[in-house]
Structure formats: C-alpha cells, structure tokens
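Atoms considered below: every heavy atom in the structure, side chains included; atoms not considered: hydrogens, waters and symmetry mates.
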Amino acid sequence: YGKSRKTKKGLALIEKALIELEDGRADRALAHAVKADMILDRPLLTRPILARAARQQGNHQQAQKVLADMAQSSETRLAGIRGLLDEARSQSDDQSALELARQAFALGDRSKELLEPLLQLEVAQRNWGKAIEVVSAQIKAKVTDPIVGNRNWAMLKVELARGYKEDSNSTKLEYFSEAHKTSPDLIPAATGLVKCLLAIGKKEQAIKVVREGWTRQPHPELFKSLREIVSNAPKSEQKSKIDKILQTNKDHVETKIAQALIALENGQITQARDLVAPLANDHPTQRVCTLMAAIEKESVAGESVVRAWLT
C-alpha cells in the first residue's frame, strides 16, 4: 500500500511538472521533477522531464549532467544521447552534434527527428559516403518521400564521384551510372556519366544518355555535353547528330535556344533571330535576352538596341 501511495505521489508530481512546462514555468517544473525523480525508481520517465525543465530554465549545465548520466545507463542511453544532441545543436556545436547523432544512429534510431539533422550535419562536413547511408536509412524507414529520397541519394552519389580524380574513371563511372539510373532527370548525373563514357571511348552510349535526357527534359548542360561528344566529327556529321537529338523535343524553349546558338555561330543571323524573337516575347528570361543582344550585335544593330536587351 505504501509503495502504491509513493508511486501515485511521484506520478502526480510528474503531471504537475509537465503542466508547469507547458505554462512556461520552468523553475516550478524543475522542482516537481526533482522530487519525482527522488520518489520514483523510473529514470526513463523522470530524467527526460528533469533535463527538459533544466534546459527550459536555462540551466544547461544541469541539463547536460542529467542527460550525460542517462547516456551511461543502458535503459536510458538513447534518450540521453538524443537529449545531448538537442543541447549541442541549440549551442551550434556541430562537431559534438555529429558525434552524438552518429551514436544514436548506431543504436538503431531511425526516426525522422534524428535522420534529418544527421543528414544535414554529414552534408555540411562533406561526408558523402556517410550521408548516403543516412538517406538509405530514411528511404528504408519510410520517413522521407521516396522520390525526394532517391533524388537526394543520387545527388550524393554525384558528389562522391566528383571527389575522385580523373585517373579513377572506373569508380567515377560506377557512381555516376548509379546516380543516373536512380534519378534520370538529375542533370549533373547525366553530364558526369557522359564525360566518363567519353573517357573510355563509348560515344554511342554517351549519345544515348543525352538523347534520353533531351527527350525527357532539355537542359543547356545536356547541350554542352552533346557538342562535346560530336566535337571531333566532321561538320556535316555534327549537324546531323545534333539535329536528330534536338528534334526529339523540337518545341521546347531549350531546343529553340540551342538551334539559335548554332545558327548564330554559322552567321545565320536571320534564322537565329526568327528562333529567339518569339521566346523574347513569351519567355523573356535573362538567357534569352542576352542571346537576343548577341544576335543584334552580330547584325550590326545600333548600340542602343543591344543595350536595351541587356537592361
């Protein structure tokens, strides 16, 4: 009976502490939490509230002591580490936060609340391999949108590939291939893959990557890759291969811009203007206006006309 009364009193104190915390009275909450911790033998219940009250009161030293004690006990280890992680992040101690987040991860924590900051911390340190492990865990635990997760995974693979020197082309090729397969619309993955394929003489495969990318979503970087692929071919062959790929998405703005650039380089000013003028009316982006200025400059238009497109 006496133990039951003691437990009841302790739980009542915990309830009061939680209410005080919600009302912003951290000092009262801390007093209730200390008493409850002394009465109850339930550290998993009392210690997190004790640490939260101390932190809300601004007593970070006491909060850290409580959390550090929790981290030493097998019963409360994960809760203690997560609390210390929150403390480190609140004080912008990224190095300590990263170490603590890794400890929580190693203990099996796969919550969104841990994985998101852990990913941010790994990326900030450019730990691409570790970051990939975190994103893989997010996808497996279903705490992120699968499309977003796969794209993040692919982007990190691209960064990992970029970290290798040119003489590690086989490794770079592997990583860029994995990234491109996972997220075909990711332009850095496609262009990085093209570069690796060209390095080993696989031009047809490189062309295929660009063609598929242009069909899905034309991009100026894909056009640059395409021109690099055909750069050593005769002019007639260059034109044939470029035209064939551009025609897969012939009405797209980027296709019109690419065609205009080629026309301008070949001195076909009227054709270039006919391609860009409608874009300048419908899509007057900085790139389009800059290109229009270049066309007018080649047509020997007045300086005022050129300047008008640049302002």
Side-chain angles (χ1 to χ4, degrees), residues 1-125 127 130-131 133-135 137-138 140-145 148:
Y1 177 71
K3 187 175 181 181
S4 177
R5 285 187 61 187
K6 192 175 180 181
T7 300
K8 189 174 181 180
K9 182 180 179 181
L11 292 175
L13 286 166
I14 288 294
E15 187 175 295
K16 287 181 180 179
L18 290 171
I19 292 171
E20 300 290 8
L21 282 171
E22 290 300 319
D23 290 341
R25 293 191 286 264
D27 53 342
R28 295 183 184 181
L30 184 58
H32 292 317
V34 168
K35 290 179 183 177
D37 188 51
M38 293 172 65
I39 293 172
L40 297 171
D41 185 23
R42 298 171 68 175
L44 193 59
L45 174 64
T46 58
R47 296 297 171 85
I49 298 172
L50 189 59
R52 180 182 166 193
R55 187 188 307 154
Q56 191 168 313
Q57 191 186 40
N59 192 340
H60 293 283
Q61 187 173 359
Q62 183 174 357
Q64 288 172 8
K65 183 180 184 305
V66 173
L67 292 167
D69 289 342
M70 289 172 63
Q72 296 303 312
S73 169
S74 59
E75 187 179 14
T76 57
R77 181 171 294 125
L78 183 56
I81 290 172
R82 289 190 63 174
L84 289 169
L85 169 60
D86 291 339
E87 277 290 298
R89 293 185 68 205
S90 71
Q91 297 179 46
S92 300
D93 184 354
D94 288 348
Q95 190 56 49
S96 295
L98 178 57
E99 293 171 5
L100 289 161
R102 284 178 175 174
Q103 288 178 37
F105 185 78
L107 288 171
D109 189 346
R110 296 296 184 268
S111 65
K112 182 178 181 179
E113 291 73 22
L114 172 75
L115 295 178
E116 283 190 356
L118 176 55
L119 177 59
Q120 294 170 5
L121 290 163
E122 296 289 12
V123 168
Q125 294 287 329
N127 298 323
K130 291 284 188 182
E133 289 181 28
V134 178
V135 173
Q138 286 181 318
K140 186 175 181 180
K142 298 181 180 179
V143 295
T144 188
D145 179 273
V148 173

Subject >> CA sep, side-chain torsions, deciding dist, call: R52, E22, salt bridge (charged side-chain N to carboxylate O under 4.0 Å, His left out) >> reply: CA-CA 11 Å; R52 180 182 166 193; E22 290 300 319; 3.1 Å; yes
Original post:
Between R82 and D109, is there a salt bridge with N-O shorter than 4.0 Å?
Top reply: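 A salt bridge is present here (some side-chain N lies under 4.0 Å from a carboxylate O).
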Just verifying a value: how many Å separate [X] [atom1] and [Y] [atom2], rounded to the nearest 0.5 Å?
X: S4; Y: K9; atom1: OG; atom2: NZ; result: 14.0 Å
X: L30; Y: Q57; atom1: CG; atom2: CD; result: 5.0 Å
X: E20; Y: H32; atom1: CD; atom2: NE2; result: 4.5 Å
X: L13; Y: D37; atom1: CG; atom2: CG; result: 11.0 Å
X: K112; Y: L119; atom1: NZ; atom2: CG; result: 12.5 Å
X: D93; Y: E87; atom1: CG; atom2: CD; result: 10.5 Å

Atom of [X], atom of [Y] and distance for their closest heavy-atom approach:
X: V123; Y: A131; value: CG2-CB, 4.1 Å
X: P43; Y: P48; value: O-CD, 3.5 Å
X: A17; Y: A33; value: CB-N, 4.1 Å
X: L98; Y: Q125; value: CD2-CG, 3.8 Å
X: A36; Y: G10; value: CB-O, 3.7 Å
X: Q64; Y: L84; value: O-CD2, 3.8 Å

Could you tell me if the side chain of [Y] sits less than 4.5 Å from the side chain of [X], heavy atoms only?
X: L11; Y: L45; result: yes
X: M70; Y: R77; result: no
X: R47; Y: E75; result: no
X: R28; Y: D23; result: no
X: I39; Y: T46; result: no
X: I14; Y: R42; result: no
X: E122; Y: L118; result: yes
X: I19; Y: E15; result: yes

Is a side-chain N or O of [X] found less than 3.5 angstrom from the main chain of [Y], in a donor-acceptor match?
X: T76; Y: A79; value: no
X: R110; Y: F105; value: yes
X: Q56; Y: L21; value: yes

Original post:
Should L114 and L85 be marked as a side chain to side chain contact (heavy atoms under 4.5 Å, CB included) after you check the CA-CA gap, both sets of side-chain angles, and the distance that decides it?
Top reply: CA-CA 9 Å; L114 172 75; L85 169 60; 3.6 Å; yes
Original post:
In this structure, are over 12 heavy atoms from other groups packed under 6.0 Å from D41 atom CG?
Top reply: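 For D41, atom CG is not crowded (no more than 12 foreign heavy atoms under 6.0 Å).
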Subject >> Greater than 12 external heavy atoms within 6.0 Å of R102's CZ >> reply: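 Yes, the 6.0 Å shell around CZ holds more than 12 heavy atoms from other groups.
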